[in-house]
Amino acid sequence: MQKKIYVAGLIDEGGEQAINQAVSAIPGVTSCTASAMKAQVLVDFDESFEGVEDSINQTIAGAGLEVLT
């Protein structure tokens with residue numbers, strides 16, 4: 001499944017790289033592309049991993065970004 005997550009607080013390339021690394025390390029995530037310009041994180045993941053969506057949101061929030069709903 002692919003999910004587009006809008007975020008606040010992603011302001012530079014360093015933040016993009018940090019988010020890409022942190023989210024990509026979550027079991028079930030197959031790819032992650034953070035974009036400061038678009039204020040979004042595009043994540044591909046396997047839905048069969050229990051709690052993967054919550055883990056993604058928690059990881060993004062834990063990096064100091066606000067997940068917008």
Side-chain angles (χ1 to χ4, degrees):
M1 174 178 192
Q2 188 174 71
K3 184 173 183 178
K4 190 181 297 183
I5 303 166
Y6 291 98
V7 297
L10 185 58
I11 58 172
D12 61 17
E13 192 174 300
E16 291 174 347
Q17 291 174 356
I19 292 297
N20 288 339
Q21 288 180 335
V23 173
S24 293
I26 298 169
V29 172
T30 55
S31 72
C32 176
T33 305
S35 172
M37 181 180 283
K38 294 181 181 179
Q40 70 183 24
V41 180
L42 187 60
V43 184
D44 286 306
F45 60 93
D46 183 345
E47 293 175 90
S48 68
F49 282 76
E50 187 174 328
V52 67
E53 288 188 71
D54 289 336
S55 294
I56 292 166
N57 289 335
Q58 290 172 0
T59 299
I60 292 170
L65 302 178
E66 180 182 356
V67 176
L68 305 174
T69 56

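Residue indices begin at 1 and follow the sequence shown. All heavy atoms count here, side chains included; hydrogens, waters and symmetry mates do not.
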May I have the list of side-chain donor-acceptor pairs in residues 44-51 shorter than 3.5 Å, sequence neighbours left out?
| from | atom 1 | to | atom 2 | distance (Å) |
| --- | --- | --- | --- | --- |
| D44 | OD1 | Q2 | NE2 | 3.2 |
| D44 | OD2 | S31 | OG | 2.8 |
| D46 | OD1 | S48 | N | 2.9 |
| D46 | OD1 | S48 | OG | 2.8 |
| D46 | OD2 | S48 | OG | 3.2 |

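Hydrophobic clustering (ILVMFWY, side-chain heavy atoms < 4.5 Å, transitive): M1 and V43 are in one cluster. Hydrophobic clustering keeps V67 apart from I11 (ILVMFWY residues linked when any side-chain heavy atoms are closer than 4.5 Å, directly or through intermediates). Under the 4.5 Å side-chain heavy-atom criterion for Ile, Leu, Val, Met, Phe, Trp and Tyr, L42 and L65 are members of distinct hydrophobic clusters.
Here the OG1 atom belonging to T33 is positioned 12.5 Å from the CD1 atom belonging to I19, to the nearest 0.5 angstrom. Here the straight-line distance linking atom CD1 of I5 with atom CD1 of I60 works out to 4.0 Å at 0.5 Å rounding. Here CD of Q17 is found 9.0 Å from CG of D12. Values are rounded to the nearest 0.5 Å. The SG atom of C32 sits 12.5 Å away from atom NZ of K3, with the distance rounded to the nearest 0.5 Å. One distance of note links CG of N20 with CD of E13; it measures 10.0 Å at 0.5 Å rounding.
Scanning all heavy atoms of the two residues, the minimum distance from T59 to A22 falls at CG2-CB, 3.6 Å. Residues K4 and Q40 approach most closely at CD-OE1, 3.2 Å, considering heavy atoms.
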